Amino acid sequence: ANPDDGTKRRNVIMATGGQFIFWALVIGALAIAIIPNLAALTTKYTIPLFFLSIVIDVLLIIASLAQGFNIEAAYR
C-alpha cells in the first residue's frame, strides 16, 4: 500500500541527461499506477496496471542507460 514515488526513475533519467520524452513517460507511468488506486478500483484493474507501470519503468531505465551517462547535460 506504499506506492513508489518514482525516485529511482528520476535519478536514472537525470543522470543520463534528462531528456524530455523520458520525463513525460515517467510521469505517465506513475499516473498509470496512482490513478487507479485513487479511484479505488478493484484489484482486477489495479494489479495489471501496476505491473504495466513496472514494465514501462524498466524499459525507460534500460533506454536511459543505453544512451549512457551524461551528467553535464542535466545541468544545462
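Because the structure is a prediction, the values reported are computed rather than measured.
For Ile56, the side chain to side chain contact (heavy atoms under 4.5 Å, CB included) partners two or more places apart in sequence, or in a different chain, are Ala29, Ile32, Leu52, Leu60.
Clustering of Ile, Leu, Val, Met, Phe, Trp and Tyr side chains at separations under 4.5 Å places Val55 together with Leu59. Ile27 belongs to no multi-residue hydrophobic cluster, having no ILVMFWY side-chain contact under 4.5 Å with any other such residue.
When the side chains of ILVMFWY residues are joined at heavy-atom separations under 4.5 Å, either directly or via intervening members, Ile62 and Ile54 end up in a single hydrophobic cluster.
The line from CG of Leu30 to CG of Leu25 is 12.5 Å long, rounded to the nearest 0.5 Å. Expressed to the nearest 0.5 Å, how far CG of Leu49 lies from CZ of Phe51 amounts to 11.5 Å. To the nearest 0.5 Å, atom CZ of residue Phe50 and atom CD1 of residue Ile34 are 9.0 Å apart.
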